[in-house]
Amino acid sequence: MAAAMDVDAGAGAGAWSPSSWTSKPIKQDVVYDDAEGVKAALEKLQKLPPLVTTQEVNNLKKSLKNVALGKAFVLQGGDCAELFDYCNQDMIEAKVKLLLQMSLVLIWGANKPVVRIARIAGQFAKPRSSPMEIINGVEMPSFRGDNINGFDANPSSRRPDPSRLVSAYFHSAATLNYLRASLSSGLADLHSPLDWGLGHVITPSIREKYTKIVNRVKDALRFMHTVGIDTDRGVETVDVYTSHEGLLLEYEQSLTRLLKNPFPRPSNPFSTPLSAPPLPQPTPSTPQKSYYATSSHFLWIGDRTRQLNGAHIEFFRGLANPIGIKIGPSMTPQELTTLLDIVNPTHEIGKVTLISRYGASKIATYLPAHIAAVQASGHVPVWQCDPMHGNTQSTPAGIKTRHFGDILSELKQALEIHRACGSFLGGMHLELTGEAVTECVGGAGGLTEEGLGERYTTFCDPRLNEKQALELAFLVAGFYRELDETLEGEAI
Ligand code: PEP
Ligand code: CO
């Protein structure tokens with residue numbers, strides 16, 4: 001709803017406020033026909049408590065700083081579009097267990113702590129290539145995510161409904177509540193990773209590899225017990241942070257609060273290496289306050305809304321949270337460094353995660369120049385590879401899918417290109433689900449295009465199913481092991 005204004009207004013210049021984005025041109029805007037309803041919804045949101053605390057956000061920021069410095073790896077994943085209906089025990093548990101299993105495999109492979117960020121508890125708004133679509137001969141607004149309109153293919157369900165803004169908050173709150181409760185009740189207890197439900201669909205070879213890793217972890221825990229150092233709460237629980245695309249700025253603004261920077265508590269050893277440098281501490285006599293987006297720990301800007309003079313960049317530049325920026329082939333190296341200067345003028349290490357998504361056939365053309373420009377600029381971001389969004393294609397039957405081989409290839413190339421450029425890949429960003437869906441083809445399960453119809457349930461992009469996601473984690477872990485062998489000349 002921002003005014004479409006002068007594109008020449010100085011990007012990143014001038015005073016910032018949570019509403020300063022409204023004076024900038026905006027992409028993917030939502031036009032409501034119920035101004036009173038919007039006002040009521042936003043007023044309600046402004047009164048509701050934050051969904052996350054500054055303490056949690058700062059802990060994530062500290063962990064991402066370690067990722068940027070090469071001391072940790074970040075695994076981010078979840079649905080392309082989360083629906084309000086996904087807010088149920090089974091689906092939340094399945095997704096979190098899958099991320100935990102994958103992170104265990106990656107800890108073993110990369111030999112680093114893994115920071116886990118789920119696309120969960122708020123991934124309800126989607127950018128669309130066209131605002132309208134024709135279904136069965138009837139033209140209607142495209143589905144923009146549960147925060148905006150309904151999926152049902154009729155014009156009244158597709159009408160943007162402001163009461164969904166408040167529903168999004170409460171579905172996020174319920175999801176987050178169960179996530180926090182189950183983690184603190186031992187869902188992630190490293191003493192029993194086999195209870196994380198590998199599922200009946202897992203192939204014997206993956207189960208065997210996973211069991212080997214689990215046995216190594218168990219040996220380590222037994223050793224820790226023997227020498228009396230297993231009392232730390234770190235082996236019983238882990239941190240799982242939340243994230244979503246910060247697309248709907250009215251919603252994000254209403255949940256952005258001026259809050260005190262808390263004194264950061266040390267987090268557990270599974271999310272932060274022991275050698276982590278301490279964050280600068282605010283002195284008690286001068287409590288610092290910053291603007292925090294409190295809808296989620298981590299927000300990212302999509303590839304379609306990252307215009308230098310645009311509303312999204314304006315909003316994001318004032319946030320204290322760690323943020324992500326998607327970068328694809330249309331980003332020029334110059335634009336990239338200008339963007340970093342705007343959203344991170346103090347060059348805070350790890351504040352920005354650059355989420356590259358070029359496609360397997362394009363990454364080699366674009367990534368090296370982006371890395372070189374960032375290196376020359378002096379910024380130290382987290383480099384994360386999203387091997388999903390540049391690899392979407394349609395089958396001859398018109399079904400949107402992604403090939404496991406392309407996903408793996410983009411990840412492998414990202415790892416190698418970073419190494420060759422004196423940089424390193426800090427993490428991966430995946431669209432996945434804990435359900436046994438049939439949306440991406442390939443992988444050890446051998447899903448073919450003909451099999452896609454069996455359980456194709458995504459409301460947006462095709463996701464890796466649990467088997468494909470875990471297999472990918474093993475393969476990426478294997479790349480790290482191979483690279484280490486090559487570097488150190490020793491067998492693992
Ligand atoms: C997404 O992550 O779901 C998405 C829309 O990505 P991108 O902005 O990279 O296209
Ligand atoms: Co997507």
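Order of appearance sets the numbers: ligands from 1, and atoms from 1 within every ligand.
Ion pairing between Glu335 and Arg306 holds under the 4.0 Å rule for side-chain N and carboxylate O. Of the charged side-chain nitrogens involved, none lies within less than 4.0 Å of a carboxylate oxygen, so that Lys326 and Glu245 do not count as a salt-bridged pair. Under the 4.0 Å criterion applied to side-chain N and carboxylate O atoms, Glu410 and Arg402 are not assigned as salt-bridge partners. Ion pairing between Glu133 and Arg158 holds under the 4.0 Å rule for side-chain N and carboxylate O.
Evaluated for a ring-ring contact (aromatic ring centres under 6.0 Å, His included) with Tyr480, the options Phe73, Phe424, Trp108, Phe474 yield exactly one hit, Phe73. With respect to Ile327, the side-chain contact (heavy atoms from CB on, under 4.5 Å) criterion is satisfied by exactly one of Leu339, Leu336, Asp386: Leu336.
Here Cys460 does not reach the Co ion (ligand 2): none of its N/O/S atoms is less than 2.8 Å from the metal.
At a 4.0 Å cut-off, at least one heavy atom of Lys126 sits close enough to ligand 1 to count as contact.
Closest heavy-atom approach to atom 10 (O) of ligand 1 within the set Arg357, Gln76, Glu431: this belongs to Arg357.
Considering backbone and side-chain N/O atoms, Gln123 never comes within less than 3.5 Å of an N/O atom of ligand 1. At least one N/O-N/O distance between Lys326 and ligand 1 falls below 3.5 Å. Considering backbone and side-chain atoms together, Asp303 places an N or O closer than 3.5 Å to an N or O of ligand 1. Considering both main-chain and side-chain atoms, Glu245 never comes within under 3.5 Å of ligand 1 through any nitrogen or oxygen pair.
Centred on the Co ion (ligand 2), the OE2 atom of Glu431 and the NE2 atom of His389 lie at an angle of 80°, reported to 10°. Expressed to the nearest 10°, the angle at the Co ion (ligand 2) joining SG in Cys80 with OD2 in Asp461 is 90°.
Counting heavy atoms under 4.0 Å from ligand 1, residue Arg119 touches it through the side chain alone.
Residue pairs meeting the salt bridge (Lys or Arg N to Asp or Glu O under 4.0 Å) criterion with at least one partner in residues 82-92, sequence neighbours excluded, are absent.
The single protein non-hydrogen atom nearest to atom 4 (C) of ligand 1 is His389 NE2, 3.3 Å, given as residue, atom name and distance.
Close contacts between ligand 1 and Gly302 involve ligand atoms 8 (O) [criterion: under 4.0 Å to a heavy atom].
Taking the six-membered ring where the residue is Trp, Tyr358 and Tyr366 present parallel rings, their angle staying beneath 30° rather than reaching 60°.
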